[in-house]
Every structure is written in C-alpha cells, then in structure tokens.
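Beneath this line is the structure, given in structure tokens, with notes to follow.
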Amino acid sequence: MAVYFDHRIEAPESTDVPSQICWHSAVPVLAVASNRATSGGTVDLYLQQGEYVENCHLERSHQPTVLRWHPTKPVLALGWENGEIVLLTHPSGDQTVLPNTHTASITLLEWSSSGSRLVTGDQTGALAVWKVDARGRLQGNHLVKHEYNKPLTYCIFKPASPGDDVAMLARASVNGDESALDMFSWKGAPLKMGPQEGLAFYVSTADGKVHSVDEHCKTSTLLSVEGAIKKLFYLQKRETLVVITETLMLSQYSLGPEGGAQEFMKVKLSSRSGQNVDIVWTDNSLLITAAGEQIIRLWDLERDDNYVLSLDESLGFERGEMINCVSYCAGKEILAAGTSHGRIAMWRMVVLPANSRGDSKAQWKLQTPTEIEGHIMHLQWGSSLNLLAANNSNTVMILCEHVMSAHFSQQVAAVQLTPTQLSITQFSTGMRASLQSDMHIKGVCVTKDSVTVWSGKQVTVYELSGTVLRITGSFTCDSNVVAVHGENVYTVEPNRVQIRTPQGTVKQLLTFSKAEGNPVLLSVCQSYLAVGTDTAHIKVFDLSRRDAKAHCSAKSLTEEIANLGALRSVKCNANGSQVSILISQVNGRPDHKVYFYDVEMDTLTHFDFFTGRPSSGILQQDESERPQFQETELNGRCPVSHFWDESDPRLFVCETVPISSESSSASYLDTVDVSVMTLFCTQEHGLLLQDCYPKPAGLQALLALDVPYYYFSCKPGESDPGLTEVSAPAHQTHPSRGTPAHFPHMVSRRPLRDFVGLENCEKTTRDAMLNFSFYLTTGDMDEAFKSIKLIKSKAVWENMARMCVKTRRLDVARVCLGNMGNARAAKALKEAEAEPEPEAQVAMLAIQLGMLEDAEKLYKCCQRYDLLNNFYQASGQWQKALETAEIHDRIHLRTTYYSYAKYLESMGDKNQAIVYYEHSDTHRVEVPRIFFCWNIYKWWAQYLESQSDMDSALHFYERAQDYLSLVRVHCYMGNIQKASEIANDTGDRAASYHLARHYEGHDDIKQAVHFYTRAQAYNNAIRLCKENGLDDQLMNLALLSNPEDMMEAASYYEEKGMHMDQAVALYHKAGYFSKALELAFATQQFSALQLIAEDLDENSDPALLARCSDFFITHSQYEKAVDLLVAAKKYHQALELCVSQNLTITEELAERMTLTDSKELSEEVRKELLERIADCCMRQGNYHLATKKYTQAGNKPKAMRALLKSGDTEKIVFFANVCRQKELFIMAANYLQSLDWRKNPEILKTIIGFYTKGRAPDLLAGFYEACAQVEIDDYQNYEKALDALTEAAKCLSKSKDTLSGQQEVRLANLQHKITLIKKFVHARRLYVEDANEAVQLCEALLEEPELDPAVRIGDAYGFLVEHHCQQGNFQVAYRKLEELQKLLPTQNVRYYISQTSLEALQKEMGVHLDRGDLGPNVKEDDEVEEDLSVS
C-alpha cells in the first residue's frame, strides 16, 4: 500500500509558465522549460523534492522548444526558438553551445541509446549529427548535415541487432554443451558480437516522408504516407516500423534486410477530433492515447486488440472529467493520466495467471486518484526512482511514491491513510482517532501514551490522552528512522544514535566506530533497542535504566553471511536474547532466509523458507513425522516482514510470499499466496515451526504479533467479512483544526491458532496455553500436561484439541476430549482408529471439532479419496463429491451418483434426479417409482372408474391422494358419511366444495354451509344463509369473506331492520365509514360510533369527522372530540375545546395541530395558533411545551418567560445562547441572580457573560455591587469587594453617554464608595508596616460622612478594638467598644470583634460581657433576610 507525496518545484520566478518537462532516465533530476509572460524563456533543473539547482539556470530572449537528456550522463540538450542548441551539465552548470548550424526553431533533439550520437533538426528541414564522447562532451563540428526542406517532426534510433551472448555461451560450454563449445572453436560459424548501440535512425518530415539514415550517416527515403507524421515507433520483435500521422492514421511497415519498407497494416485510430492527442508507446507494443475525452484508448499491436479504460466515480472522480495526458512507467507497470480537474488517475497492471484468458481490460486496476490543483497538461515518469512530474500550466508538481507507514506497540496501532493523515486505533480502550499532520509523514512510531511521526527533516511527538492527541514536542532532525521508548526518542546520524527528549534535546549519544558504520535501522521491543548499520553490523542496547547501556558488542554479519548486500530489517525479542535479521543479497534481491543472532551465545542461525528447514534445531518432534501438507506451504518462499511477540521472547512470526513474487509489483502481491509463519526460537531447542497461517483476504500486511492476536493493516476500500474490531466512536484530531471526518477501519486482528475462542482469557490461561503449545511442538508431553493441569475451562480444552489437529497428536486429543466431556467425538475417534493412515484418524478429529478445511486437507494428504468423498457428501458439497468420485474414487462413482439422485429427489428436483439415477444405472427401478407415485395411480383409478370398478378406483385414488375424486365417487355411491369424513379430515377445498354442492342439492342447508365454509367459498355460504334465514351464521361468514360480501350482508340486515349493530359493524369492517356512521347515528349505536371513530384519521371525510366530534362533545367525551377535530383540521375549535374543558395538551396533540407542511394554514394563522397553544400550555403548567410552541411561533421573549417559570437552569442558559438576543440574555441573567450564585462560580460567570452579551452595563454594575456587598457582609473581604465595585464603575462609565443624569449620581456615589473602601483597605494593609499610621487613617475614616453603606462601622471599630487590645490599651479598647454599642444598639458586636479580644477585655477590665451587654439576644434559628436591591 503506497501513497504519493507531492512536492511543488521551488521556481525562482512565479510568473513563468511551464511549457515542457523532462526527467533524466537515471538521475533524479527534472528539467523544466518555461515561457516568460512578456517574451523569452528559461530552463531550470530541480531535484526529486522540487529543490532548485541554482547553478543550472538558462535564460534567453527566445522560447525553448525541445529538451532531451543524455541517456546516462547528467547532460541536457536544449533547443531554442532561434535555432540555438545548448548542452547543460548538472550540477556544475557548465554550458556548451553547439556551432551555429540551425537558423530556425529546433524541432528535433535525439540521443542514441548510449549517448555517443546526438541528432538535431529544425523547422526548415536541416538535420545534423553530432559525436559525443563518453563523458557527454561534444567532439568537434557535426559529422554530417542533411537538408530535407520540410519541417522535421520525429526521430527514433533503430536498436542494434542482439548478437550472441558470449557469457551465456561460455557457461553452456563449461556445462558440457557441445554446440556452444563448437561456436568458440574453428568448427562453428564465427560469433556475431553485434554493435554496442544502434547508430542508424529514422527521421520524419511534415510532408509525410520517413527518411532512413544509416550508421555512416547516409540518408535515403524509406517510405511516404499522406499527411504530416506525428510519431514513429519501432517494434523490435517483428522488426516493424509504426507510423502515426497528425490525422491519427496508423500504418505498420515491415523492414527488409536491404532497407526497404513494406506496408502490411493501415488503420484509423478513433479519437476526438480537433484535440491535442497525447500518445505513449510501451516496450510490450502497447499504444496508449489520450485526446481530452473521458476515456483512454489502448491498442495492443502484438495481439491486434484494442480496448478503453475509463474513470470510476466511486473512487472520487467527477462526471465529465476529461483525460488530457498519459505516461507509462515500465518499472512499476503503472499507467498515469492527468485530468481536467487536477486529478492523476493511475491504473496498475495486474499480472494474470498464465492460463487465464480473461479480457485485456481486466489487466488494469484503477487506483484511488492523487489530487493536485489546476488543469494537468503534461505527465512524465522518470529517473531510477520512478518519480512522476505533472505540469498544470501554473507550476510543476513532483510526485514521489512512498510505502504507507504503519506501526503497532502496546495495544496502539497507527496506519497511514494519506501523505499527511494517520488512523490511530487503541485496542485497550476501543478508541479510534485520526491524526492530521502539517508535514508529509515518512514514518510513524507509537507507544501507549504517544504517537511520533517524522518526515526525514522534522520529528513531531503527540501525546495520546483518551481521544485527544496533543503536540508535546517538535524538532528538526535529518533522521530517516526513529524509535520511541517511554519518554525518549531515538534518532540516527552518521556513526551514532541520539537519545532525545520529545522536545528534541539530546540526552545521550550511542556511538559507533567507523568500522561499525552508520546506524540505518532501529527497532524497540520492551526495554531493548536493536540497531543495524550500513556495514551490516548489529548491536543491542538495554533501555531499562536511566541511561542506555550496551547489551552486547557490535556483531559483524559480513563474516557470517555469504553474499550479503545490506540489512533490510532488524528486530529483537522481549528480553533482548535474540535478534532476527532480514537481508538483501549483493544483487539487490531479498534473501529467502531469516537469520537469528543469539546474543548470549554469540551464534548465528537461520531458517530457510526456500527449503522450509532451519539451519539447526528441530522443526517438529521428528523429521519423519513432518506434515506433508505443511511442507508444500513452506517450500519456495521468501520473508517480507518479521516480528517478535511483545511479551513472550520465544514467539516469532514472519510474513512470507512465494519466491517468484518477492520482487513483483505490489498489485501482484495482492493476489499471491501470502502466509504468516509462527516459530518458537530458544537456545535449547533452536527453531521450531509452530503454525502456518494464510493471510486472510482483504488484509494488507502483517503489523505485529501480540498474543493472543496477529495484527494486520487493512486494504483501503475493501470490506473484511471476518473483521474483529473494536467498536468505538471515531475522532478527528488536528494540531490546529478539529474538523470531524469519517475514515475506514485500517487495523484488523486475528487470533492465533491456539487462541481461537480464548481471545479474552486471563493472563494465567494465556501463558499456560502458550507453554502447552511450546512443549507440544518440542514433543515434551510431560511438561505440556504440567502446564495445563490446573485448567478447568472446556473452551481451553477444546482449543487444545484443535491444536492437536495441527500437531497430529491423537494421544493428547483423547485427553482433551475427555476433559471436554465430548463423548460423541471420543467415540468417532475410537472408531477412526481402524483406519491405517494417521492422517485419516486426525481428519475425523478435525470433523468432530468443526475444522472442515483441515479435514479436507488431511484426507487429500493421505489420498483417502473414499473418505473424502463421504466427507463431501455429508457436508453437502455434492459437486466436489462428484469430481472426487469421477477422478480419484471411481469405485464408488455409481454409489455417489445414486446418493446425489436421492438428495435431488428429496429437494423436489425430480428431473435432475432422473438424470443421476440413469448415471447410477438404477433408473429401471427408481424412475418408474417416481412417476408411479402420483400420475400413474390417478390415471389408473380413472380407468377403473370408467370400467365401473369403483372399489378398486377408490383404492388407487387414495394412493394418489386425489381427495376430490374420492369424495366424488363416495357421493356417487351414496357413502355421504364417508365423504364427509374425508373432507373434514383432509381439509381439501375442492373436495369440500363438491360435498357442499351435493348437500345443497339434497337441501341439507346446514351441512352445505359448513362445507362451503371449509372450502372458503364464503359467498355461496352467505347466499344460503340469506335464502334460508340463518342470520346467526351470516355475521361470522361475512367477516371471513371479502368487503363486497360484507357490504351485501350489511345491506341484508339493514333491509330486514334487525341486528342493526351487526350491520353497522359490517359496514365499518368493509371500510364504508359514511354508511356505518349514518346507520349508527340513525339507530343510536354509541358503542359502534366509538369503534368507528377510532379508525378515522386525517384522510377521512371532514364532514364525518365533524359529525363524530359533535357527537362526542354532546356525550362529554372531549378527548375523542379533540382528536377528531384535529383530524378534520379544525384546529381553532379543538383548541377552544381544550381551553373550555381544561384538557391537557400533550406534545403529540400540539404537533398534530401545528404541522409545518400543512397547506390549509397560512403562516400568520399558524403562528397565531401556536401562540394560543403555548398560552394554554402556560396555564396548564407545561412550560417546556409552551417554550417550544412560542419558539416555533417566533416569539422568543415569551418562550424565555415560559422557560423561566419552569426553573430549568440548564435549558435557560442553552436557550439564551442559541437565540443570542439582548432581551433574552438580560432575562436569563436576572433569573440566574435568584439562584445561589455565591456558591456556584459557573453561574456567576454566566450572569456576567449574559449581561455583557445583552449590553446591559447598568444591570451588570448592579450585579457587581451586589457581589461586593456579599463579600463585605459575609466574608469581610474588602479587597474582593473593591475589585467588584471597580468593575461596576467601569460598567457604569460605559453607559454614561447614553443614560440620564440619575445615572451620573449613581456613578458618583459608587466612586465615593470605592474611595472609602480603598482607604479602609489601605489602612489594613499598612497596619503591618506602621500600626499607628493605620489607626490614624481608620480614625479619620470614621469621621467620613455616609461611611456605613461602603465600610461597615462595626468593621472599622472592630479594627480599632483589636489594635488597642493587642497593644494592651484595654481602657481605650473598652471605650471604643462602648461607642460601637451606642452607634449600633440593635446589632451584636460579636460579629465585628474576635472572641479572643473580648475575653482579654473581660479579664483586664474586670467586667462581665454577656450576650445582653453586647447586643440584642438573637435566637440561633431566627433567619435574617437581607434585601439586596439591584438597580
């Protein structure tokens, strides 16, 4: 799974318009030619991420026309409008101007395959050939110059003839090939070495001619076509030249050895006329065109086939989106197309199996598009890195493929969705989130508390807290690999690993010598860090302490592994004792071995997936007992990824693919057999294969192993039917913006084989199961049973029995079945012991445990096709059973056919059953039996009846189960009683009808009615009842019949004037409401009226509804009357009735009276009705419904008043915030003041906020004054009171300009209060530094007029009394106390003076101060109410 990172080129001039792009074939350098807005043009070079190469800038007063790179050297040939040609060298910027050969605009620049020749041509038809040395430098003047006198349009070099492969012949000679040996001797023909490159070429002109120029630069006319030539292609396999003209006429010419050309095919390519057609030619003879249509056209010239590719709207493309340009990448087998809406569509070639003959169109799989801006005009793949450049006429974007990053650790998984987005899944809590980064993510590393991403230039660390991702650090760093452990981030630089904090501070350096190389691979497992270097050294560090310590010395793998090219991946286990390594060979191909380095023993072992065997140790309990079907799964494979279990150091898992596909395209890997191999790795037992698990469909790649689960990344856009996922709400997280978005499940987990059904078991059981699996794999049964002897769970024993199927241990399986209590399975296993093959016995165990696929494999493995055939039949897989019998089990072929015929007959498919009875050669008996069962019996009975042999006819009618004929014959013979028994017992409708007709003919009306009813011929039964006065049965029969019969019966009752209640009921049941109501009113059937009214709705006749409502009003059933009035859309009358009779208006009733889509009510009338409903709800105390209706009527003030009456504070605050009206804010704030806002800070903030939003500074000032008074009265906190009064003054000053003079007086009073409080606060603060000065200030403050409203006199006197008591001036203190009592005779001075000071006064002054002396005696349970008036 890959994404494309897009990099905009760093163009020096943003106004230049890119006109041409050209990649170097080997070096990641892009040449861009641009046209200036005024005149002239430029050519610039850019690197793979759009970096501008400053030294390589060319600018001319003319526009560039052609760009061509040297095939191997970084030399660019540039053609200009004035005929100038320049060779530009990267990166030095050296420029070589070719001698002035051309005088007109350059139209041709073409290099030979090795770059030793350069062909140039211009608009006048002048062509020159230049010689270039091995370094890409021009050698002298042109070799030759030809004049064709017509504009040159295209040029291609003819590839060199293959010649003989000398190396291949030499190898064949050494191996004993005599014919190859003769070619090296005088006996054979001389070797045809062939030239290194083809120097002959073909050039076309605008007049339709193609000229051939040989290696000696001699020219000759090869062929001529009608119209200007657009493209030339050479098909080397057939030595064919393909010519395409401007009118899209395609011609193919076979080239003779003498230089002649013979046309053998000519066809007109279909395309949209008048469009600039982009044509691409591939090495496998595929011609691709895009002409501004919604499709791409492809012609396969080898197969003579053509087809189209179109865009798919389900993948994100838009209707009408046009394709402008195409480009094909042979290395990736990807076809890219640029569209008019700024999208790049990519089709990946899917490699079909060799025997597939599917449609050619099915070979291309459309991918999810990559989006860039603008109208894409040009696309080109290039360089050895397969980069894609896109020109949208404004700028050039470089797209670089990047394999999607993914990581799993500590129950947290991260998978990349887009270049900047990750999907985060936390399995322990069930949380899923999306992380949107501001940079292109090249890697990700997760822990339980953090997510770290990096781009190769920057590292960002996010803290994972619940559903929130928060950036904790970000720093620049040029590390391409990063690892995380705890709070440490590990990055690499030359010859060392840096240990950093999340903010980037380097805490420690882990250095490597020059011989050990540069660290390039990092991997953390538990508390160990494994490091791999570019010189194939590995080293493990212990991270459990504060500082990282080396766990082992650096190990060089070059000496241990032959043909080692580079390390691909390095992983260590949970205790740091083993390191697993994947490598690539010298030729670049991945090695098919996984290497294991034992840190303690300093030894290297390997497991070879090509042979399916380890280098040492045991694979199973014995090589001779190795399962054959596993051997086929292991052989010929190559590892692609590997992981250790996060907790158990023995368990290792590796993802493998067949050898033939390890270097194929990613799309092919989606279709190959990917297997997940699990092994145990220990010092004592070496490497032991534990399981081979095929990767499920719909999953992308293995992410991790954490017992009891494998963790896989999912393919985007593909559903996973076996998904075992956490289900939780998704969250979108972005560093700066938090827009919610939907994203798919990207991580799926699958239980290990030994833990199916035990996914949620506790750790003890999990460890026991793992130990049991390990010892079972080693063959140590004593230890295996010891590990599970304490387990009592049947599910665990069943799971271990399943393991025995894989390990073929029937002795262990018997113990497991016994503990499970599965007697049936134990009996079947005992009976299966009679089979000589062990696999057949194990297959029976697998069947009993429901492991049908394993049973199938085992039967095939031991070639017991007879048992396999029975297995297929028992499981209902008849086609497989037939195939098995026809190919492998022919001795049971007829038996299989017979069994299948019996099955088909039981399913009712008699025609097919007859076919297989014939195949089984049993048709002589079985086929007549099938036919004789029914038709033959009936036919024979009819014949006997015609011969008057009634007894025999009755016998065969009975065998044919023809009950009608039985009843008919019995009636004929006069056996009426027997006929009645048959009709009653069988319930056959035809027989009952015949018997009823017989009884009617003999005037037995009751029996006739009975059997007509049994035959469901109700109209006949009703007819008889009416004719014979059976009114008591008529009602029931009519109710069973259809509406027409009901109407007929009701009319009958009405005509007779009897049973009118039944007539009304029948009219009602028949749906004739008007008639039913009319009759009910006429006959005063009130109970019937109620039943009818319940079925009336708004679709009924309004007149009926009104009449019924009047009836219910008359009889005081007002609720039903209201419902009918509403149904009749008489809303005002219904409301009046509710008001007059004080009926409760429910929410459902209110909604019915005010339907929003009602066309009968105008908007004004509807609003009036809504207000009246709301008024009624207010009177009834249903304030919430009143609020809703007032709101629907648009009267939000009344809605707020209703809410205020309800006292629902939360809804009041919500409603005010939603409506955002000044008046409502003020009303809500006034209400909130009535609550206990002193103890609830949130209410306090809300009051202030609402007054502010309501722009009521005077009211806010009053609230601040109230706050200040509370601080003074309750807490004596004058500092907070001063802050509140200051805020009040600010608020009043804001409204000063708009309010009356009365407000000026209020503001002046408030300022006076602030001044007095400031003085008192200042005095209290000054007391610590200068007590005397503070006392003087307080004395002076007491002289101030109107002090008490601002500063309580008691607090001032209390301050003085406290001071004098502390100074020992008790006389003065007592005098101040007496003054206070005189000033406040009605208050208790204990509120102002501390108990300590009062006790000191009593002691020193010798007076007894009781409650009576200190103020009036106030009972403790009396409540003192303070009226805080807010103006």
Side-chain angles (χ1 to χ4, degrees), residues 629 694 697 721-722 798 801-802 805 817 822-837 839-941 956-963 986-988:
F629 76 95
E798 181 179 357
R802 291 173 177 273
V805 174
L817 292 176
N822 193 339
R824 185 184 66 179
K827 178 177 181 294
L829 188 59
K830 182 71 175 176
E831 294 173 351
E833 291 179 358
E835 302 295 341
E837 297 86 357
E839 290 86 354
Q841 301 175 26
V842 178
M844 179 53 67
L845 173 64
I847 292 173
Q848 296 300 319
L849 295 174
M851 304 171 66
L852 301 184
E853 292 183 3
D854 295 87
E856 183 180 355
K857 288 182 179 180
L858 287 162
Y859 281 137
K860 289 180 179 178
C861 175
C862 64
Q863 298 184 359
R864 285 300 302 271
Y865 295 107
D866 55 336
L867 298 178
L868 180 63
N869 187 359
N870 293 336
F871 165 75
Y872 283 143
Q873 293 183 36
S875 59
Q877 303 180 61
W878 286 102
Q879 292 303 321
K880 288 186 177 181
L882 294 173
E883 291 175 5
T884 303
E886 289 169 354
I887 299 174
H888 302 289
D889 189 28
R890 295 192 64 83
I891 194 171
H892 295 115
L893 180 59
R894 289 177 58 190
T895 306
T896 305
Y897 284 147
Y898 182 79
S899 300
Y900 186 44
K902 295 289 285 184
Y903 167 77
L904 291 172
E905 184 181 356
S906 67
M907 299 301 293
D909 191 352
K910 295 181 180 179
N911 294 329
Q912 281 296 105
I914 291 171
V915 172
Y916 282 95
Y917 277 134
E918 291 175 355
H919 289 342
S920 65
D921 200 25
T922 59
H923 57 284
R924 298 173 183 84
V925 176
E926 298 297 337
V927 175
R929 178 185 57 79
I930 293 176
F931 285 115
F932 210 67
C933 287
W934 307 100
N935 298 331
I936 298 297
Y937 286 145
K938 185 176 180 179
W939 173 84
W940 185 243
F956 284 103
Y957 276 135
E958 186 174 359
R959 294 192 64 178
Q961 297 181 6
D962 188 353
Y963 303 115
T986 63
D988 187 81

Point-to-point distance, once rounded to the nearest 0.5 Å, from [atom1] of [X] to [atom2] of [Y]:
X: Cys862; Y: Leu868; atom1: SG; atom2: CG; answer: 9.0 Å
X: Asp854; Y: Cys861; atom1: CG; atom2: SG; answer: 12.0 Å
X: Tyr897; Y: Tyr916; atom1: OH; atom2: OH; answer: 7.0 Å
X: Ile847; Y: Leu845; atom1: CD1; atom2: CG; answer: 9.5 Å
X: Ser920; Y: Tyr900; atom1: OG; atom2: OH; answer: 13.0 Å
X: Glu886; Y: His892; atom1: CD; atom2: NE2; answer: 15.0 Å

Exercise for the section: Examine the side chains of Tyr872 and Glu883 and answer whether a donor and an acceptor come within less than 3.5 Å of each other. Expected result: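 The criterion, which ignores hydrogens and geometry beyond distance, is not satisfied for Glu883 and Tyr872.
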Practice task
Would you kindly say whether Tyr898 and Glu926 are connected by a side-chain donor-acceptor distance under 3.5 Å?
Solution key: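 On atom types as modelled, these side chains qualify, holding a pair under 3.5 Å.
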Problem - Phe871 and Leu852: CA distance, side-chain angles, deciding distance, side-chain contact (heavy atoms from CB on, under 4.5 Å) verdict - result: CA-CA 9 Å; Phe871 165 75; Leu852 301 184; 3.8 Å; yes
Handout entry: Neighbour count above 12 (heavy atom, 6.0 Å) for Glu958 CD
Key =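 It does not: Glu958 CD has 12 such atoms or fewer within range.
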Less than 4.0 Å between a side-chain N and a carboxylate O, is that true for [Y] and [X]?
X: Glu853; Y: Lys857; result: no
X: Lys910; Y: Glu905; result: no
X: Glu856; Y: Lys880; result: yes

Practice task
Keeping the roles fixed (side chain from Gln841, backbone from Glu835), state whether a donor-acceptor pair exists under 3.5 Å.
Solution key: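 Side chain of Gln841 to backbone of Glu835: a pair is present.
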Shortest non-hydrogen contact from [X] toward [Y]:
X: Ala941; Y: Phe956; result: CB-CB, 3.7 Å
X: Ala840; Y: Leu867; result: CB-CD1, 4.0 Å
X: Gln848; Y: Ala828; result: NE2-CB, 3.6 Å

Exercise for the section: Kindly determine whether Tyr917 and His923 satisfy ring pair (Phe, Tyr, Trp, His ring centres under 6.0 Å), including the steps that lead there. Expected result: CA-CA 5 Å; Tyr917 277 134; His923 57 284; 9.4 Å; no
Exercise for the section: Could you go through the side-chain contact (heavy atoms from CB on, under 4.5 Å) check for Tyr859 and Glu839 one step at a time? Expected result: CA-CA 7 Å; Tyr859 281 137; Glu839 290 86 354; over 6 Å; no
Problem - The single option from Leu893, Asp889, Thr895, Ile891 passing side-chain contact (heavy atoms from CB on, under 4.5 Å) against Asn869 - result: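 Among Leu893, Asp889, Thr895, Ile891, the one meeting side-chain contact (heavy atoms from CB on, under 4.5 Å) with Asn869 is Asp889.
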Practice task
Begin from the C-alpha positions of Gln873 and Thr896 and carry the test side-chain contact (heavy atoms from CB on, under 4.5 Å) through to its verdict.
Solution key: CA-CA 8 Å; Gln873 293 183 36; Thr896 305; 3.6 Å; yes
